[in-house]
Amino acid sequence: MSDMKIPLLLCTILLVGISIPLYFGKCSNMIAGYHDLSKDDKEKINKMRLCRVLAITLDIAAIILILGANSIIGINDTIILDIVTLIIGTILSQIVSKNK
C-alpha cells in the first residue's frame with residue numbers, strides 16, 4: 001500500500017462529507033467570507049447556486065484524490081490538478097452566484 005493512499009482517501013471522505021450539505025444549500029456559513037457579508041450583500045448572492053458550485057468543486061477534487069490514491073495519476077499531478085480545480089471552482093462560484 002502506498003504511503004499516500006490513506007491520507008488521500010481520508011481527504012476524499014472529508015471533501016465529500018462537506019459537499020453533501022452544500023448541495024442542499026446548508027452550511028453556507030462555512031464558506032469563507034460569506035458569513036461576514038452584510039444582509040444587503042447576502043441578498044445580492046444566490047446562496048443555492050454558490051453552495052452547489054462549491055459542492056461540485058469539492059466533489060471533483062475528491063475524484064482527483066481517489067485517482068491519485070489508486071495510482072491512476074501521479075501524486076504530483078494529483079496535487080496540481082486539485083489546486084487548479086479549487087482555483088477554477090472559486091472563480092466560477094463568484095461568477096455564477098451573482099443574482100440577476
Side-chain angles (χ1 to χ4, degrees):
M1 183 178 273
S2 171
D3 291 339
M4 290 300 295
K5 188 171 187 170
I6 292 175
L8 290 176
L9 292 175
L10 288 175
C11 289
T12 299
I13 293 168
L14 177 67
L15 291 177
V16 171
I18 293 170
S19 73
I20 291 171
L22 286 173
Y23 274 113
F24 300 102
K26 306 292 183 195
C27 299
S28 60
N29 61 338
M30 291 189 322
I31 300 171
Y34 180 78
H35 64 280
D36 292 334
L37 293 175
S38 67
K39 188 174 181 180
D40 292 334
D41 288 336
K42 284 184 181 180
E43 290 174 5
K44 296 176 185 175
I45 296 175
N46 186 325
K47 182 175 97 169
M48 194 64 171
R49 275 193 273 178
L50 174 65
C51 288
R52 287 216 173 134
V53 169
L54 291 176
I56 291 168
T57 301
L58 292 177
D59 286 342
I60 292 170
I63 291 168
I64 293 169
L65 288 175
I66 289 172
L67 295 174
N70 290 317
S71 299
I72 295 171
I73 57 177
I75 189 66
N76 290 336
D77 294 335
T78 301
I79 294 168
I80 292 168
L81 286 172
D82 271 338
I83 290 171
V84 169
T85 300
L86 294 174
I87 291 170
I88 291 171
T90 303
I91 293 168
L92 281 176
S93 68
Q94 294 297 313
I95 295 168
V96 172
S97 66
K98 301 281 189 226
N99 275 336
K100 303 170 193 141

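In this structure a side-chain-to-backbone donor-acceptor pair under 3.5 Å is missing from N70 to I72.
With a 4.5 Å cut-off on side-chain heavy atoms, I64 and T85 count as touching. A heavy-atom distance below 4.5 Å is found between the side chains of L81 and I73. Contact of the I75 side chain with the L8 side chain is registered, since non-hydrogen atoms from C-beta on lie closer than 4.5 Å. Side-chain contact between I45 and L37: present, with at least one pair of heavy atoms (C-beta onward) separated by less than 4.5 Å.
Counting all heavy atoms, side chain and backbone alike, L54 lies closest to G89 at CD2-O, 4.3 Å. Contact record, H35 with K42: O-NZ, 3.9 Å, taken as the closest heavy-atom pair. Pairing each heavy atom of L22 with each of C27, the nearest pair is CD2-O, 4.0 Å.
Cluster membership check: I31 shares its hydrophobic cluster with L58, using side-chain heavy-atom separations under 4.5 Å among Ile, Leu, Val, Met, Phe, Trp and Tyr. Residue V84 is not grouped with residue I66 when hydrophobic side chains (ILVMFWY) are merged at heavy-atom distances under 4.5 angstrom, including chains of intermediate members. The hydrophobic clustering, which links ILVMFWY residues whose side-chain heavy atoms are closer than 4.5 Å, places I60 and L15 apart. The hydrophobic clustering, which links ILVMFWY residues whose side-chain heavy atoms are closer than 4.5 Å, places I56 and V96 apart. Residues I18 and L50 share a single hydrophobic cluster, defined by chaining ILVMFWY side chains whose heavy atoms lie under 4.5 Å apart.
The side-chain hydrogen bond (donor to acceptor under 3.5 Å, both in side chains) pairs that include a residue from residues 6-34 are S19-D59, Y23-D59, where partners are two or more places apart or lie in different chains.
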Just do the side-chain contact (heavy atoms from CB on, under 4.5 Å) check on T78 and L65 with the steps written out, would you? CA-CA 6 Å; T78 301; L65 288 175; 3.9 Å; yes
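Remark: S93 OG to R52 CZ distance equals 15.0 Å, nearest 0.5 Å.
By the side chain to side chain contact (heavy atoms under 4.5 Å, CB included) test, I20 pairs with V16, F24, sequence neighbours left out. Every side chain to side chain contact (heavy atoms under 4.5 Å, CB included) that I87 has, sequence neighbours left out, goes to I83, I91. For D41, the side chain to side chain donor-acceptor pair (under 3.5 Å) partners are S38, not counting sequence neighbours.
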